Amino acid sequence: MARPYGIPIYVTPSWLVIAAIITILYEPVVESLLRLGPASYLVAFVFAVLLYASVLVHELAHAVVARRFGIPVERITLFMLGGVTEMRGEARTPGREFLIAFAGPLLSLVLAAIGWAAQWFVPPDTVPGVLLWQLFVANLLVGVFNLMPGLPLDGGKVVRSAVWALTRRPNAGTVVAAWGGRVLAVFVIGMPFLLYLPSGRMPSVFMVLLGVLLGGFMWMGAGSALRGARFRERVPRLRVRLLARRAAAVPSGTPLAEADRRMAEADAGAVLVTDSSGAPVSIVSDDAAGAVPEDRRPWISVDHVSRAVTAGAVIPADLEGERLLAAMRAHPAAEYLVVREDGGVFGVLRTKDVDDAFAGI
């Protein structure tokens with residue numbers, strides 16, 4: 001839609017659905033105040049636009065502060081239940097995390113205060129008076145809702161930054177804030193029933209559906225944060241030296257059956273194919289070798305079931321944690337040749353072994 005501060009803004013088609021719902025529900029309120037006839041639908045639609053303009057300004061506040069701290073911002077997307085700022089990276093300190101998270105609600109509340117003050121100078125039974133009231137309500141809703149103390153809301157990020165500052169453990173903050181988000185999700189789903197409980201009446205279908213949508217969104221966001229926390233806890237435990245397999249070296253042209261024998265003899269878990277000078281040129285693929293029938297293995301050369309060792313598929317033996325994953329992301333491969341500091345062969349690292357180790361930690 002636009003690129004304020006160079007940040008691309010996207011609006012999903014689901015916004016049209018919620019805009020139509022807001023317009024239909026708010027039109028009777030506008031009509032009772034202004035008696036505009038069909039034009040009251042237009043004013044009600046303006047409320048929907050103002051609500052999401054408030055969400056956009058809110059997200060821009062996050063994006064601008066994040067960029068001030070050197071965090072690249074990919075885009076801002078507005079969808080049915082609000083907006084999201086996609087960043088390529090995270091804050092490095094709890095203080096920065098707090099400032100990025102709090103910037104959005106703070107700006108929304110400031111705009112709400114401006115709208116509330118300005119409406120005193122405009123007659124309330126006019127279109128400008130109603131629009132100023134809408135500006136106040138829209139920003140108040142966005143600011144207060146996002147300050148609820150649970151992920152994925154901004155209030156949850158504020159909680160995360162506080163726990164992070166107290167414990168020096170960002171993952172601990174994520175876990176606390178995510179469970180807060182799950183508690184809030186249950187509360188939001190049950191809120192329509194709690195509001196109507198004193199009167200003995202049942203809430204409308206729309207209120208129930210809205211509560212389920214918002215609560216479901218919060219529950220999924222909190223769950224995603226918990227999975228991310230578990231991921232970050234496991235990453236430092238991944239070490240190449242522990243995961244690499246011992247490799248048996250065989251010259252190019254060796255039959256696969258002979259390579260199997262040498263691998264078993266050396267108690268190895270992988271086969272390296274070398275050239276005439278003894279330098280490794282390829283790694284036998286487990287999948288390709290496993291697909292060769294037993295009676296064909298004496299007649300199939302290891303060269304036919306191997307993958308070449310490229311520059312990106314060579315990694316040092318001292319890699320671990322995020323550095324290991326970054327190297328694998330930079331050069332995706334099924335197998336990697338692991339080398340020591342002196343350039344000698346340490347072994348072979350298979351991507352499947354890293355995945356299995358990560359899942360089993």
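Just so we're clear, the structure is a prediction, and the values are computed from it rather than from any experiment. Starting from 1, each residue takes its place in the sequence as its number. Below, each value reflects all heavy atoms present in this structure, side chains not excepted, and no hydrogens, waters or symmetry copies.
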Flag side-chain contact, heavy atom, 4.5 Å: V338 against V345:
no

Determine whether Y52 and F217 fall in the same hydrophobic cluster, where Ile, Leu, Val, Met, Phe, Trp and Tyr are linked whenever their side-chain heavy atoms lie under 4.5 Å apart.
yes

So, does T126 use its side chain to make a donor-acceptor pair with the main chain of V122 at under 3.5 Å?
no

Residue pair E86 / T77, side-chain heavy-atom distance below 4.5 Å:
yes

Would you find more than 12 non-hydrogen atoms of other residues, nucleotides or ligands less than 6.0 Å from R168 atom CZ?
no

For R92, I'd like to know if atom CZ has over 12 heavy atoms of other residues, nucleotides or ligands within 6.0 Å.
no

Ignoring hydrogens and geometry, is there a side-chain-to-backbone donor-acceptor pair from S54 to L50 under 3.5 Å?
yes

pair W179-L226: side-chain heavy atoms closer than 4.5 Å:
yes

Assess the side chains of R307 and S282: does a donor N or O sit below 3.5 Å from an acceptor N or O?
no

After noting the C-alpha distance and the side-chain angles of E322 and R329, does the key distance pass the salt bridge (Lys or Arg N to Asp or Glu O under 4.0 Å) rule?
CA-CA 10 Å; E322 187 57 46; R329 283 194 296 266; 2.5 Å; yes

Less than 6.0 angstrom from the centroid, inside 45 degrees of the normal: does R241 satisfy that with respect to the ring of F346?
yes

Connected via hydrophobic side-chain network under 4.5 Å: M263 and V273
yes

Is there a path from V144 to L106 through hydrophobic residues (I, L, V, M, F, W, Y) whose side chains come within less than 4.5 Å of each other?
yes

Are any of the side-chain heavy atoms of V339 and I315 separated by less than 4.5 Å?
no

Are L256 and S301 side-chain neighbours, meaning at least one heavy-atom pair lies under 4.5 Å?
no

Got a sec: does the CZ of F79 have more than 12 other heavy atoms crowding it under 6.0 Å?
yes

When you check the gap from the basic side-chain N to the acidic O, do E233 and R230 get nearer than 4.0 Å?
no

Could you give me the CA-CA distance, side-chain angles and deciding distance for D287 and S285, then say whether side chain to side chain donor-acceptor pair (under 3.5 Å) is met?
CA-CA 5 Å; D287 292 337; S285 165; 5.1 Å; no

CA sep, side-chain torsions, deciding dist, call: R261, E258, salt bridge (Lys or Arg N to Asp or Glu O under 4.0 Å):
CA-CA 5 Å; R261 188 191 67 78; E258 174 61 14; 2.7 Å; yes

Test side-chain contact (heavy atoms from CB on, under 4.5 Å) applied to L60 and I76, step by step
CA-CA 8 Å; L60 274 173; I76 293 174; 3.7 Å; yes

Name the residue from V354, L319, I283 that meets the side chain to side chain contact (heavy atoms under 4.5 Å, CB included) definition with L349.
V354

Criterion side-chain contact (heavy atoms from CB on, under 4.5 Å) on I189 and W219, from CA distance to verdict:
CA-CA 10 Å; I189 292 173; W219 183 273; over 6 Å; no

Please report the closest heavy-atom contact between V175 and A229, naming both atoms and the distance.
CG2-CB, 4.1 Å

How many angstroms lie between atom CZ of R239 and atom CG of L324, to the nearest 0.5 angstrom?
11.0 Å

V46 and L131, any side-chain heavy atoms less than 4.5 Å apart
yes

Might you work through the side-chain contact (heavy atoms from CB on, under 4.5 Å) test for F98 and T93, ending with a clear yes or no?
CA-CA 9 Å; F98 170 81; T93 67; over 6 Å; no

Decide whether F145 and L51 are clustered together by the hydrophobic rule: side chain heavy atoms of Ile, Leu, Val, Met, Phe, Trp, Tyr closer than 4.5 Å, transitively.
yes

In plain terms, say whether E97 and K157 are close enough for a salt bridge, that is, a side-chain N and a carboxylate O under 4.0 Å apart.
no

Show your reasoning for whether side-chain contact (heavy atoms from CB on, under 4.5 Å) applies to Y336 and V314.
CA-CA 6 Å; Y336 296 87; V314 179; over 6 Å; no

Side chains of M202 and F193, heavy atoms from C-beta outward: is any pair under 4.5 Å?
yes

Would you say CZ of F69 has more than 12 non-hydrogen atoms from neighbouring residues, nucleotides or ligands within 6.0 angstrom?
yes

R201 to Y196 six-membered ring, cation-pi geometry met (6.0 Å, 45°):
no

Check: H58/S108 side-chain N/O donor and acceptor closer than 3.5 Å
yes

Would you say the side chain of L184 lies within less than 4.5 Å of the side chain of P149, judging by non-hydrogen atoms?
yes

Same hydrophobic cluster for V309 and V284, using side-chain heavy-atom links shorter than 4.5 Å among ILVMFWY?
no

Are the side chain of S40 and the backbone of E31 linked by a donor-acceptor contact shorter than 3.5 Å?
no

For salt bridge (Lys or Arg N to Asp or Glu O under 4.0 Å), just list the numbers for R232 and E90, CA-CA rounded to whole Å, side-chain angles, deciding distance to a tenth of an Å, and then say yes or no.
CA-CA 13 Å; R232 284 186 289 271; E90 295 183 343; 3.7 Å; yes

